[in-house]
Asks: 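Provided herewith is a single structure, encoded as structure tokens, for subsequent inquiry.
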Amino acid sequence: MPSLKDLRNRIRSVRSTQKITSAMKMVAASRLRRAQEQAEAARPYAQRMERVLGSLASRMAGLPGAPPLLAGTGKDDVHLLVVATSDRGLAGGFNATILREARRRFRELDNAGKTVRILTIGRKGRDSLRRDYGRLIHDSLTDIGRRRVSFEEARDIAARILTLFEAGEFDVCTIIFNRFRSAITQIVTVQQLIPFAAPAGLTEEPTSDMAGAIYEFEPSEEEILAELLPNNLAVQIYTALLENAASEQGARMTAMDNATRNAGDMIDRLTMNYNRTRQAVITKELIEIISGAEAL
Amino acid sequence: MPDLVQFELVSPERLILSTEVEMVVVPGTEGNFGVLPGHAPLISTIRPGTIDIYQGGAVTERIFVVSGIAEVTPERCTVLADEAMAPDSLDRATIEAELQTAEGNLPTLREQIGRAQGAERERLATELRHVERQQNVARAKLQALTELSR
């Protein structure tokens, strides 16, 4: 039976934990709103980019002059996996689900005899994967989108991936991240970046008026594609980072909400216990006094 | 209904403008082109310059774009710009200062890259691309300013 003092300390400690979790929940909620707005704002560009690229890509596909970013290198021996996680923990299953999926992919590719290379984004991914897959990790990026994800950062990541690709370091590039559905559900998404494949899930607006349109190109299709494809890579990474940021805050908000509620339950139980013990002590003292008086 | 073109200007971070306009002049890589309703479908890259929006026969709005791509259909003109801003926000002195810092940093960075290895080298290469981009953007802005003042 814990003493009264122990119980009091325990209650105090749970209460201060509850304060922290509820503050974190509030912070996550406001960050989530910001992240969602940002993701919303970035959608028009991504959609239109996809429309233009779609009409170009369908024309270029199958042509011998198609750039490798679109057509691939003709091999798929070396896979580069970009694992996008968060820098901070306490976000429920956010990082765990991404990492589980990443590990599954590694094993799958490994069993198929492919070479895997990893680029991690975020401290959590780096720390967790370094243990088992340290030698596969090409590099780790941290502090991406500390305040807010900027397109600049996405472009830098894209540029690094492109340099690797041009140097023939890998054939296929995929990114693993959490797509934001709601604060409670985030969906782990694996999306191929190189060679270019239209991402599933991004709802395309109906392109009926575009279907038959024959465009003129200024300058040539090849040159436009050469400019568009690297840009599109940056856009896709940017979209993924934004989705990830919103998911992270959503997951954290839910996790912290649960934690706050659990702490509340715990305080109730402990307080009940405390009062009971206090009464027992009083009763005991009374009995001692009374039986002492009777003995005289 | 008067003949109007649906004009949209989008940057990666947000939708900047979406209006109906009479005519819009876009700085294409191979020369400026004006878009009126019923323009032939066209996809063109953009060079740094200003987009001029015409309403009622006169320029009502000018927007500076760094680079990007324009998609034109008979009823619509969509500009996907890497970066866009109002021309008044461009200030020659600031841009020249930016250009100078960028140019000042380049040689040191290049030298560092020569010495660095592996991941560190990549990091520096990213940095270098960054600075080079800044340099190009600053140059483009200056060029556009000269064009504007003429």
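Just so we're clear, the structure is a prediction, and the values are computed from it rather than from any experiment. Order of the sequence lines sets the chain letters (A, B, ...), proteins ahead of strands, with each chain counted from 1.
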Asks: Between S220(A) and chain B, which part of the residue has a heavy atom less than 4.5 Å away: side chain, backbone, both or neither?
Replies: neither
Asks: Using heavy-atom distances under 4.5 Å, tell me whether A70(B) contacts chain A through its side chain, its backbone, both, or neither.
Replies: neither
Asks: Does the side chain of T78(B) reach to within under 4.5 Å of the side chain of R51(A), using non-hydrogen atoms?
Replies: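 In contact.
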Asks: Taking everything shown except Q100(B) itself, do over 12 heavy atoms lie less than 6.0 Å from its CD?
Replies: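 Open.
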Asks: Are any non-hydrogen side-chain atoms of I157(A) and L241(A) less than 4.5 angstrom apart?
Replies: yes
Asks: Please state whether the side chain, the backbone, both or neither of T45(B) comes within less than 4.5 Å of a heavy atom of chain A.
Replies: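 Backbone plus side chain of T45(B), per the 4.5 Å heavy-atom cut-off to chain A.
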Asks: Below 4.5 Å from any heavy atom of chain A, which atoms of S18(B) appear? Answer side chain, backbone, both or neither.
Replies: neither
Asks: Within a strict 4.5 Å, meaning less than it, do heavy atoms of the F151(A) and V235(A) side chains meet?
Replies: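 The answer is yes, as the side chains (C-beta and beyond) meet within the 4.5 Å cut-off.
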Asks: Of the backbone (N, CA, C, O) and the side chain (C-beta and beyond), which part of D156(A) lies under 4.5 Å from a heavy atom of chain B, both, or neither?
Replies: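 Both the backbone and the side chain of D156(A) come within 4.5 Å of chain B.
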Asks: With a 4.5 angstrom heavy-atom cut-off, is it the side chain or the backbone of L141(A) that approaches chain B, or both, or neither?
Replies: neither
Asks: Heavy-atom distances under 4.5 Å only: say whether I69(B) touches chain A with side chain, backbone, both or neither.
Replies: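 Only the side chain of I69(B) comes within 4.5 Å of chain A.
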Asks: Could you check which of M49(A), R155(A), H138(A) has the highest count of heavy-atom pairs closer than 4.5 Å to chain B?
Replies: R155(A)
Asks: Checking heavy atoms, do the side chain of L228(A), its backbone, both or neither come under 4.5 Å from chain B?
Replies: side chain
Asks: Under a 3.5 Å threshold, yes or no: a donor from one side chain and an acceptor from the other, between D87(A) and T142(A)?
Replies: no
Asks: Looking at chain B, which one of A154(A), A234(A), A42(A), S150(A) has the largest number of heavy-atom pairs inside 4.5 Å, strictly under?
Replies: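 When all of A154(A), A234(A), A42(A), S150(A) are compared, A42(A) has the most.
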Asks: If you measure from the Lys or Arg side-chain nitrogens to the Asp or Glu carboxylate oxygens, is any gap between E20(B) and R76(B) under 4.0 Å?
Replies: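 Looking at E20(B) and R76(B), the cut-off is not met.
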Asks: A245(A) and V149(A): which non-hydrogen atoms are nearest, and at how many Å?
Replies: CB-CG2, 4.1 Å
